[in-house]
S.K.: 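One structure is given below, represented as structure tokens, and several questions about it will come after.
As the structure lists them, so they are numbered: ligands from 1, and atoms in each ligand from 1.
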Amino acid sequence: MTALIPIMGDGLPQPLLDLLGDGYQIFPWDETEGSSALVNSVGVITYGHPRVDGALMDRMPNLKVISNHGVGVDHIVVADAAARGIPVGNTPGCLDAATADMTIALLMASARNIVIGDEFARGPEFTHYDPSILIGHEVTGSTLGIVGMGRIGKEVAKRARAFEMPILYHNRRRDEAAEAELGVEYRSLDDLLRESDFVALNCPLTSETSGLIGREQLELMKPSATLINMARGPVVKTDDLYEILKAGRIRGAALDVTDPEPLPRDHPLLTLKNLVIAPHLGSASHRTRQRMLEMTVENLAAGLAGTELPYRVVVK
Ligand code: DGY
């Protein structure tokens, strides 16, 4: 019997399993030495962690396809897969809107003290309306800096326009089409950090963006500014962010992703009131997650059938 391994706890819903055809078994992820699931697997569904590299692939001699549930493939060494002739699929496009929604949600939550206000409104200290407490940063008209003007960055810009925000962006390459369409202005990273009230990280994790935001960059930000990380944890140096937030050097941060992820439960970052944090929810809406699953299985089915993946990751 041929096997495939989803890392996902609950496995796949039946209608999607039906897409694969008969004869496949689902195994939970098991990396232990000599695991027959690894040896027998013809396909693998991944998401986020763990790292899928050549060493792991070599322990899966029957592997025909790696299908990632998500767009970011920083945890997969795609070049190792290519060297072994194993196609890698992902789910581009379908999650841009949901992730942009969440970028704005975190921005708003931080700017307007939603989380801390929620706690206060439930607690014993809220006995009367007090117009002097929890005054936030007005979002409308504030300057947004977007790092990464890809599909998600553009969706964030569209939403920010409704808040009448001047929008700056930094990207590997200038994008004149986006400038014309969305009215965004290109800046060097340093200038973007200096000028923005909110800095949203919407770039992929690559060797160029790993550790992109550390103490030096955070110190360029306005004291009243907020950092939003919707990219990947390692884009920001965690210890530097902690020190900067603790010192009140910037107004706050809102993180959907962290390094490591999750943070150890006793990590000092988690004690800070000027931090809003979410458990990697960028694409977590019912509609988007359903479409991601469908695309994941479409890629898997194609790889198992030996045909071109509909959404294949190209090695650059
Ligand atoms: C992605 O698509 O990369 C999201 O982070 C979900 O994992």
Side-chain angles (χ1 to χ4, degrees), residues 5-13 16 29 44-53 65-78 81 87-107 109 146-156 159 171-172 200-210 212-213 227-236 238 253-263 276-300 309-316:
I5 304 179
I7 299 178
M8 259 170 262
D10 292 339
L12 294 172
L16 291 178
W29 187 250
V44 60
I45 293 179
T46 59
Y47 60 99
H49 323 282
R51 185 173 159 81
V52 181
D53 58 11
V65 56
I66 298 167
S67 183
N68 187 59
H69 179 262
V71 69
V73 289
D74 44 279
H75 54 295
I76 302 172
V77 185
V78 182
V88 176
N90 69 345
T91 66
C94 70
L95 43 72
D96 304 343
T99 308
D101 290 352
M102 185 71 184
T103 308
I104 299 293
L106 282 184
L107 185 157
I146 301 175
V147 179
M149 191 45 68
R151 284 185 305 254
I152 296 170
K154 287 184 183 126
E155 288 298 319
V156 173
R159 285 154 182 73
N171 204 40
R172 257 180 318 162
L201 306 177
N202 292 106
C203 53
L205 174 63
T206 63
S207 52
E208 287 165 343
T209 62
S210 179
L212 187 71
I213 305 293
L227 178 77
I228 300 114
N229 189 2
M230 289 299 299
R232 282 290 188 262
V235 174
V236 178
T238 305
L255 309 178
D256 190 44
V257 288
T258 56
D259 180 29
E261 188 176 303
L263 289 169
V276 173
I277 186 163
H280 202 139
L281 296 180
S283 58
S285 73
H286 286 295
R287 188 168 59 194
T288 292
R289 284 282 160 89
Q290 173 63 24
R291 185 61 196 132
M292 285 165 70
L293 256 191
E294 286 165 6
M295 290 168 79
T296 303
V297 175
E298 286 166 28
N299 277 330
L300 188 66
L309 310 196
Y311 316 103
R312 184 171 177 166
V313 179
V314 186
V315 195
K316 298 206 179 96

S.K.: Does a side chain donor of either N90 or H69 reach within less than 3.5 Å of an acceptor in the other side chain?
M.R.: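 No - no donor-acceptor pair under 3.5 Å links their side chains.
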
S.K.: Any side-chain heavy-atom pair from I66 and P87 closer than 4.5 angstrom?
M.R.: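 When only atoms from C-beta onward are counted, P87 and I66 do not touch, as no gap falls below 4.5 Å.
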
S.K.: Pairs under 3.5 Å, N/O atoms on ligand 1 and on the protein: can you put them in a table with the distances?
M.R.:
residue  : atom  : partner : partner atom : Å
ligand 1 : 2 (O) : V71     : N            : 2.6
ligand 1 : 3 (O) : V71     : N            : 3.4
ligand 1 : 3 (O) : G72     : N            : 2.9
ligand 1 : 3 (O) : R232    : NH2          : 2.7
ligand 1 : 5 (O) : R232    : NH1          : 2.8
ligand 1 : 5 (O) : R232    : NH2          : 3.4
ligand 1 : 5 (O) : H280    : NE2          : 2.7

S.K.: Between the side chains of T46 and N68, is a donor N or O closer than 3.5 angstrom to an acceptor N or O?
M.R.: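 Yes - a donor-acceptor pair under 3.5 Å links their side chains.
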
S.K.: Return each pair, listed once, that meets salt bridge (charged side-chain N to carboxylate O under 4.0 Å, His left out) where at least one residue sits in residues 94-106; pairs must be two or more places apart or across chains.
M.R.: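 Output for this query lists D96-R151, D101-R159.
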
S.K.: Under the rule for side-chain contact (heavy atoms from CB on, under 4.5 Å), what residues qualify as partners of V257, not counting sequence neighbours?
M.R.: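 By the side-chain contact (heavy atoms from CB on, under 4.5 Å) rule, V257 matches N229, E261, H280.
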
S.K.: With sequence neighbours excluded, tell me which residues meet side chain to side chain donor-acceptor pair (under 3.5 Å) with R289.
M.R.: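 Only S283 meet the side chain to side chain donor-acceptor pair (under 3.5 Å) criterion with R289.
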
